[in-house]
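FYI, side chains are in, hydrogens and waters are out, and symmetry mates aren't considered; it's all heavy atoms of this structure.
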Amino acid sequence: RLGITFVVVTHDQEEAMILSSRIAVMDKGRFCQVDKPGAIYEYPADRFVADFIGTINMFEGTVESVEGEHIAVRSADAEPLLRAVSTALHKPGDALTVAVRPEKIYISPERPENSTASCMEGIVEDLGYFGNLSLYRVKLASGRIIQVSAQNRQRTSEHKVEWDDKVFVSWDTASAIVLTH
């Protein structure tokens, strides 16, 4: 019979996600979120939890437009508008953060054809090869550096993008996490 393991995470302990069926994330003695590891990682309750568990790229911005659950966000760090899905009520002018995990981002030397995805152009500043995956640091036109991880699915000694290559980074609208301030 399986028991429930409950871990209170008070400092960066990503290993707790592997060993636990429930995690409580605390900040300054306050419970920020108590949930399953996958829910905390994929659906963080706030900026602290999102930044605390795993690596994440965050873009501060303001809501430009709202169409149902689809929002467009203007950010000084990203051009053009960022797109996200949110069930919360937002209106133009609201301040929020659009966050995206590195493994949710696609990197390509060609602009993707999906017009609903968030897409930005950048330059590969750094590249780390780890066998099963490659980690990229991409500098956007704003000067902002974002992290991208790409699964190495094909057996090859060549990367599809290298240092100093111009690339396009994009992610599906549903992959973005919307965090209010």
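- Looking at heavy atoms from C-beta onward, S118 lies out of side-chain contact with T173 at the 4.5 angstrom threshold.
- Legend: residues meeting side-chain hydrogen bond (donor to acceptor under 3.5 Å, both in side chains) with R137, ordered by chain and number and at least two apart, are absent.
- The stretch residues 79-88 participates, sequence neighbours left out, in these side chain to side chain donor-acceptor pair (under 3.5 Å) pairs: S86-H90.
- Applying the salt bridge (charged side-chain N to carboxylate O under 4.0 Å, His left out) rule to pairs touching residues 89-101 yields K91-D94, sequence neighbours excluded.
- Under the side-chain hydrogen bond (donor to acceptor under 3.5 Å, both in side chains) criterion, E42 pairs with K104, sequence neighbours left out.
- Shown here are the side-chain contact (heavy atoms from CB on, under 4.5 Å) partners of K160, two or more places apart in sequence or in another chain: I107.
- A donor-acceptor pair under 3.5 Å is absent between the side-chain atoms of D27 and the main chain of R30, judged by distance alone.
- Grouping Ile, Leu, Val, Met, Phe, Trp and Tyr residues whose side-chain heavy atoms lie under 4.5 Å apart, directly or via other members, places L135 in a hydrophobic cluster with F130, L133.
- In the hydrophobic clustering, where aliphatic and aromatic side chains (Ile, Leu, Val, Met, Phe, Trp, Tyr) are joined below 4.5 Å either directly or transitively, V85 stands alone.
- Annotation: side-chain hydrogen bond (donor to acceptor under 3.5 Å, both in side chains) contacts of D165 (sequence neighbours excluded): none.
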Scan the side chains in residues 31-39 for donor-acceptor partners under 3.5 Å anywhere in the protein, sequence neighbours excluded, and list what turns up.
| unit_1 | atom_1 | unit_2 | atom_2 | d |
| --- | --- | --- | --- | --- |
| Q33 | OE1 | A45 | N | 2.6 |
| Q33 | NE2 | Y43 | O | 3.2 |

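- Inspection of the T97 and E60 side chains reveals an N or O donor paired with an N or O acceptor under 3.5 Å.
- Residues V73 and L96 are in side-chain contact: their nearest non-hydrogen atoms beyond the backbone lie under 4.5 Å apart.
- A single hydrophobic cluster is seen to contain both V100 and L140, as judged by linkage of ILVMFWY side chains at heavy-atom distances under 4.5 Å, directly or through other members.
- Applying the side-chain contact (heavy atoms from CB on, under 4.5 Å) criterion to A78, with sequence neighbours excluded, gives F59, S75, L82, M120.
- In this structure F168 satisfies the side-chain contact (heavy atoms from CB on, under 4.5 Å) test together with R111, P112, C119, E121, K166, sequence neighbours excluded.
- Following chains of ILVMFWY side-chain contacts shorter than 4.5 Å, one cannot reach I145 starting from Y136, and the two form parts of different hydrophobic clusters.
- You'll find the side chain of V148 stays beyond 4.5 Å of the side chain of Y106, heavy atoms only.
- Not a single donor-acceptor pair under 3.5 Å links the side chain of Q147 to the backbone N or O of T55.
- For A50, the side-chain contact (heavy atoms from CB on, under 4.5 Å) partners at least two apart in sequence or on another chain are P44, I56, M58, L179.
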